[in-house]
Q: 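Okay, handing you the structure first.
Hydrogens, waters and symmetry mates are skipped; everything else that's a heavy atom, side chains included, is used. Predicted, not measured: the structure shown is a model, and the values here were computed from it. Below, read A as the first sequence line, B as the second, and so on, with proteins coming before strands; counting in each chain starts at 1.
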Amino acid sequence: MTVRVRIAPSPTGYMHIGTARTALFNYLYAKHHKGQFLLRIEDTDRERSTPEAVTALIDGMKWLGLNWDEDVTFQFERSPRHAEIAREMLAKGHAYYCYATPAELEQMREEQKAKGLPQKYDGRWRDRDPKDAPAGAKPVIRLKAPQVGATVVRDLVLGEISVNNTELDDMVLLRSDGTPTYMLAVVVDDHDMGITHVLRGQDHMTNTFRQVQIYKAMGWDVPKFGHIPLINGEDGKKLSKRHGAVGLHEYQFMGYLPEAVRNYLLRLGWAHGDDEIISDAQAIEWFDTDGLQKSPARFDTKKLRSLNAHYIRQADNARLLSLILPLLSEKASFTVGEMAQQKVLRGMNSLKTRAETLIELADAAMVYVMEHAATNDSKARALLADEGNKALLESFLPRLAAQNDWTATALEASVRSFTEEKGIKLGALAQPLRAAVTGLTVTPPIFEVMEHLDREVVIHRIKASVSA
RNA sequence: GUCCCCAUCGUCUAGAGGCCUAGGACACCCGCCUUUCACGCAGGUAACACGGGUUCGAAUCCCGUUGGGGACGCCA
């Protein structure tokens with residue numbers, strides 16, 4: 001049997017980081033088992049679904065590199081089919097009309113809550129004759145769920161899980177306006193799409209029991225289920241906006257590489273021995289449900305950053321340049337030209353070992369973009385305000401002006417011989433030099449920066465700082 | 001409140017009854033390298049929630065307690 005899995009997000013604004021991880025797991029599961037990975041947009045909630053949100057979901061999937069097979073299924077388009085199944089269940093005696101009004105049900109729940117009873121539909125229309133229906137009332141269709149026994153699921157992650165059927169109530173399948181509920185639509189779509197394995201968050205566990213009852217009522221094959229532990233915030237509480245970013249796109253904006261996010265998400269709730277850095281090919285080769293964790297994991301930004309730093313170091317320089325180019329132009333307030341881009345590219349090897357995000361990479365790369373040295377670094381200004389340093393720089397200037405070989409190696413040699421003659425440490429001149437040339441105290445190796453910067457620019461900046 | 005699920009360093013995790021004096025990674029601390037900052041390399045601190053069983057032997061199996069998460073909609 002070919003494995004067919006799906007990710008079924010609802011378009012309610014953006015792609016949640018947890019949804020992204022579930023999508024990744026499903027994708028890898030499909031690839032590992034040489035099956036198909038499908039995308040279904042669950043847009044049956046017409047109030048909240050928007051075309052923008054659908055686009056956000058699709059963009060998120062593409063950014064993460066999770067390409068799906070076949071066409072995207074839009075759940076709402078299938079509502080006639082869902083209604084058809086609801087009527088079929090009605091005909092088979094597995095469902096019934098319920099005329100209770102929302103207000104009536106709310107009152108029922110409040111009474112249950114007040115008495116400390118479990119909150120669930122009490123089945124008031126289960127055995128009642130539809131002839132008793134109030135005139136003009138629009139009914140919903142409810143599942144006639146089994147009231148004895150237990151519903152048992154052999155979970156791919158948790159093992160056997162079960163619940164007594166007395167705990168489950170008769171859920172709504174078709175709303176009074178004729179539209180299907182999530183519970184019905186998911187089952188019908190998964191069945192029609194030939195889904196064999198459902199890997200989803202543990203927040204769906206109770207839904208699974210109820211959905212299994214629908215499969216059984218229809219006499220359909222029940223797919224295998226696997227309930228993935230949820231992602232919590234750094235404080236162990238439910239991941240929410242107050243923890244920072246929950247939208248996948250936010251990670252993109254914060255300068256994370258998709259491969260880093262992929263690797264991080266993969267290791268959150270899943271492991272393959274002690275492996276940490278895992279390539280896409282290895283992920284496909286290794287991923288299976290036996291490596292999934294049972295308990296929830298906390299989101300750790302520090303580890304994500306560390307992984308991101310790793311992948312930035314691995315990344316192709318030209319790719320990095322293209323990724324930070326919009327950032328550079330934005331920071332500079334002008335379009336960064338070809339010359340500056342070439343300087344950044346030449347300095348990239350040193351820049352990328354110092355950045356954990358693309359934002360930091362862009363910040364550091366600005367030394368090659370700006371016309372003048374930075375002026376807002378107080379430590380650098382203090383260094384240049386020192387008369388001794390000024391005198392030192394001034395006395396070194398003629399050497400620099402006479403410098404033939406404008407390479408990092410030669411520049412370093414020149415500075416070394418100068419400091420040796422003066423009997424001072426290399427850093428005694430290198431650091432003021434860094435401050436004068438860049439306006440900063442922390443940069444890539446200063447001789448390399450000088451090499452990539454034009455000679456005239458370097459000399460001009462030193463002169464400017466000396467005479468300031 | 002009711003039901004479901006879970007429980008190893010601060011965090012992510014390895015661990016399938018003896019290989020565990022509990023391993024790795026991130027973070028943290030320290031050293032080396034060094035023109036700053038990083039990278040890299042070498043060390044270090046740090047965990048089996050608790051209580052009962054089962055067993056010659058338990059981080060691993062069972063029960064309970066505690067703690068955590070989730071679900072209880074004509075949302076998905």
Side-chain angles (χ1 to χ4, degrees), chain A residues 8-12 42-45 47-49 75 98 100-102 105-106 109 112-121 138-142 155 157-159 161-164 166-169 171-177 179-183 185-186 201-209 227 229-230 232 234 236-238 264 267-277 293-307 309 313 350-356 364 379 412 415-416 419 425-435 438 440-447:
Chain A
S10 51
T12 50
E42 308 223 316
D43 54 351
T44 51
D45 185 341
E47 304 275 303
R48 290 195 285 172
S49 298
Q75 191 161 60
C98 168
T101 62
L105 293 173
E106 185 161 338
R109 279 186 214 104
Q112 289 168 338
K113 194 173 181 179
K115 289 179 188 166
L117 295 168
Q119 292 170 54
K120 54 180 199 175
Y121 176 67
K138 290 225 173 179
V140 299
I141 294 178
R142 284 184 184 271
D155 191 277
V157 178
L158 303 169
I161 54 175
S162 70
V163 68
N164 283 326
T166 50
E167 302 298 332
L168 269 22
D169 64 3
M171 65 194 147
V172 173
L173 300 174
L174 205 67
R175 289 188 268 259
S176 53
D177 64 359
T179 61
T181 60
Y182 161 78
M183 224 50 95
V186 172
Q202 287 185 355
D203 51 336
H204 282 282
M205 251 194 289
T206 49
N207 291 337
T208 299
F209 294 123
H227 292 95
L230 268 24
N232 290 338
E234 316 227 0
K237 300 294 179 193
K238 184 179 175 137
Y264 177 71
R267 283 287 290 100
L268 201 61
W270 181 85
H272 179 269
D274 284 336
D275 294 302
E276 296 286 349
I277 304 291
Q293 204 70 16
K294 291 181 176 183
S295 46
R298 298 186 190 201
F299 196 90
D300 183 3
T301 306
K302 293 258 183 66
K303 189 153 183 177
L304 206 210
R305 286 180 68 87
S306 155
L307 236 19
R313 274 176 252 136
S350 295
L351 289 169
K352 70 183 183 181
T353 60
R354 293 165 170 75
E356 290 194 317
K379 284 181 186 166
E412 180 176 344
V415 172
R416 273 190 194 282
T419 52
K425 284 185 179 175
L426 182 65
L429 176 53
Q431 201 57 1
L433 205 48
R434 186 190 315 278
T438 68
L440 304 167
T441 54
V442 175
T443 73
I446 188 58
F447 306 119

Q: Students often get this wrong, so: under 4.0 angstrom with heavy atoms, is A/Lys115 touching a base, only sugar-phosphate, or nothing?
A: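 Here A/Lys115 touches no strand at all.
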Q: Base, sugar-phosphate alone, or nothing: which one does A/Glu276 contact when heavy atoms must sit under 4.0 Å apart?
A: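 Base, at least one base atom sits under 4.0 Å.
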Q: In the structure shown, which nucleotide is the Watson-Crick or G-U wobble counterpart of B/A16, with both distances under 3.5 Å?
A: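 Paired with B/A16, as far as the under-3.5 Å criterion goes, is no nucleotide at all.
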Q: So with a 6.0 Å cut-off around CD of A/Glu106, is the heavy-atom count from everything else above 12?
A: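 No, CD of A/Glu106 has 12 or fewer neighbouring heavy atoms, counting only those of other groups under 6.0 Å.
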Q: Between A/Glu234 and A/Gln75, which has a closest nucleotide on RNA chain B that is more 5'?
A: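 The answer here is A/Glu234.
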Q: Just name whichever nucleotide pairs with B/C9, Watson-Crick or G-U, keeping both distances under 3.5 Å, else none.
A: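 Checking every strand shown, B/C9 finds no partner, since no pair has both distances under 3.5 Å.
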Q: Measuring from atom CG of A/Leu168 to atom NZ of A/Lys120, what distance do you get when rounded to the nearest 0.5 angstrom?
A: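 Rounded to the nearest 0.5 Å, the CG-NZ separation comes out at 8.0 Å.
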Q: Counting any heavy atom closer than 4.0 Å, what does A/Lys237 reach on the DNA or RNA strands: base, sugar-phosphate only, or nothing?
A: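 Since only primed, P, OP1 and OP2 atoms lie under 4.0 Å of A/Lys237, the category is sugar-phosphate.
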Q: For A/His272, check side chain to side chain contact (heavy atoms under 4.5 Å, CB included) against everything at least two apart and list the hits.
A: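 Residues passing side chain to side chain contact (heavy atoms under 4.5 Å, CB included) with A/His272: A/Trp270, A/Asp275, A/Trp286.
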Q: Any base atoms under 4.0 Å from A/Ser176, or only sugar-phosphate, or nothing? Heavy atoms, all strands.
A: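 Counting heavy atoms under 4.0 Å across all strands, the contact made by A/Ser176 includes a base.
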Q: Any base atoms under 4.0 Å from A/Arg298, or only sugar-phosphate, or nothing? Heavy atoms, all strands.
A: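 Sugar-phosphate, backbone atoms only, no base.
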Q: Please measure how far the P atom in B/G31 lies from the corresponding atom in B/A71, and state the result in whole Å.
A: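 48 Å, rounded to whole Å.
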Q: Considering every strand and a 4.0 Å limit on heavy-atom distances, what is the contact class for A/Glu47: base, sugar-phosphate, or nothing?
A: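 No contact.
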Q: Over all strands shown, is A/Lys294 touching base, sugar-phosphate only, or nothing at heavy-atom distances under 4.0 angstrom?
A: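 Touches sugar-phosphate only.
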Q: Give A/Ile446 one of three labels, base, sugar-phosphate or nothing, depending on what nucleic acid heavy atoms sit under 4.0 Å from its own.
A: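 Base contact - A/Ile446 has a heavy atom under 4.0 Å of at least one base atom.
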Q: Quick one: label A/Asn207 by what it contacts on the DNA or RNA (base, sugar-phosphate, nothing), any heavy atom closer than 4.0 Å.
A: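 Touches a base.
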Q: Which nucleotide, in any strand shown, forms a Watson-Crick or G-U wobble pair with B/C48, with both distances under 3.5 Å?
A: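 The answer is none; no pair meets the criterion.
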Q: Which residues pass the salt bridge (charged side-chain N to carboxylate O under 4.0 Å, His left out) test with A/Asp45, not counting sequence neighbours?
A: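 Partners of A/Asp45 under the salt bridge (charged side-chain N to carboxylate O under 4.0 Å, His left out) test: A/Arg48.
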Q: Taking only the P atom of each, what is the distance from B/U55 to B/C12 in whole angstrom?
A: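 Those two atoms are separated by 36 Å.
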Q: Under 4.0 Å between any heavy atoms, over every strand shown, what does A/Thr179 touch: base, sugar-phosphate, or nothing? Just pick one.
A: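 The answer is nothing, as A/Thr179 stays clear of every strand by at least 4.0 Å.
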Q: Who pairs with A/Asp155 by salt bridge (charged side-chain N to carboxylate O under 4.0 Å, His left out), at least two apart in sequence or on another chain?
A: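 Applying salt bridge (charged side-chain N to carboxylate O under 4.0 Å, His left out) to A/Asp155 gives none.
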Q: Identify whether any heavy atom of A/Thr44 sits under 4.0 Å from a base atom; if not, whether one sits that close to sugar-phosphate; answer base, sugar-phosphate or nothing.
A: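 Sugar-phosphate, no base atom in range.
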Q: So, using salt bridge (charged side-chain N to carboxylate O under 4.0 Å, His left out) as the criterion, who are the partners of A/Arg313 when residues are at least two apart?
A: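 Partners of A/Arg313 under the salt bridge (charged side-chain N to carboxylate O under 4.0 Å, His left out) test: none.
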Q: Could you tell me the boundaries of the chain A footprint on RNA chain B, defined by atoms under 4.0 Å from its heavy atoms?
A: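 Nucleotide range with atoms under 4.0 Å of chain A: B/G1 to B/A76.
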Q: Between B/A58 and B/C39, how far is it from one C1' atom to the other, in whole Å?
A: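 Rounded to whole Å, the distance is 43 Å.
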Q: So A/Pro9, base contact, sugar-phosphate only, or nothing? Heavy-atom distance under 4.0 Å.
A: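 Since no nucleic acid heavy atom lies under 4.0 Å of A/Pro9, the category is nothing.
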Q: What is the base-pairing partner of B/G40, counting Watson-Crick and G-U wobble geometry with both distances under 3.5 Å?
A: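 Because both required distances fall under 3.5 Å, B/G40 counts as paired with B/C32.
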Q: Partner of B/U2 by Watson-Crick or G-U wobble geometry, both contacts under 3.5 Å, or none?
A: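 Looking at the geometry, B/U2 pairs with B/A71.
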Q: Just call it for A/Arg313: base, sugar-phosphate, or nothing, with non-hydrogen atoms closer than 4.0 Å on any strand.
A: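 Since only primed, P, OP1 and OP2 atoms lie under 4.0 Å of A/Arg313, the category is sugar-phosphate.
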Q: Between B/U21 and B/C48, how far is it from one C1' atom to the other, in whole Å?
A: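 That atom pair is separated by 14 Å.
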Q: Taking atom P in both B/G73 and B/C29, what distance in whole Å separates the two?
A: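 Between the two P atoms, the distance is 49 Å.
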Q: State which residues pass ring pair (Phe, Tyr, Trp, His ring centres under 6.0 Å) with A/Tyr264; sequence neighbours excluded, sorted by chain then number.
A: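 Result, ring pair (Phe, Tyr, Trp, His ring centres under 6.0 Å) vs A/Tyr264: A/Phe299.
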Q: Got a salt bridge between A/Glu234 and A/Lys302, using NZ or NE/NH1/NH2 to carboxylate O under 4.0 Å?
A: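 No, this pair does not count.
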Q: B/C61 pairs with which nucleotide, Watson-Crick or G-U wobble, both distances below 3.5 Å?
A: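 Paired with B/C61, as far as the under-3.5 Å criterion goes, is B/G53.
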Q: Please give the distance between the P atoms of B/U54 and B/A46 as a whole number of Å.
A: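 Their P atoms lie roughly 34 Å apart.
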Q: Taking for each residue the nucleotide of RNA chain B bearing the nearest heavy atom, is the 5' side occupied by A/Trp270 or by A/Leu105?
A: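 Whichever sits nearer the 5' end wins; that is A/Trp270.
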Q: Answer yes or no: is there a side-chain heavy-atom contact under 4.5 Å between A/Val442 and A/Arg354?
A: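 Sidechains of A/Arg354 and A/Val442: no contact.
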Q: Need one value for A/Gly269: base, sugar-phosphate or nothing, where a base atom within 4.0 Å counts as base even if backbone is also close, heavy atoms only.
A: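 Here A/Gly269 touches the backbone only, sparing every base.
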Q: Between B/C4 and B/U60, how far apart are the C1' atoms? Round to whole Å, please.
A: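 These two C1' atoms come out 24 Å apart once rounded.
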Q: If the C1' atom of B/C9 is compared with that of B/U45, how far apart are they to the nearest Å?
A: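 That atom pair is separated by 10 Å.
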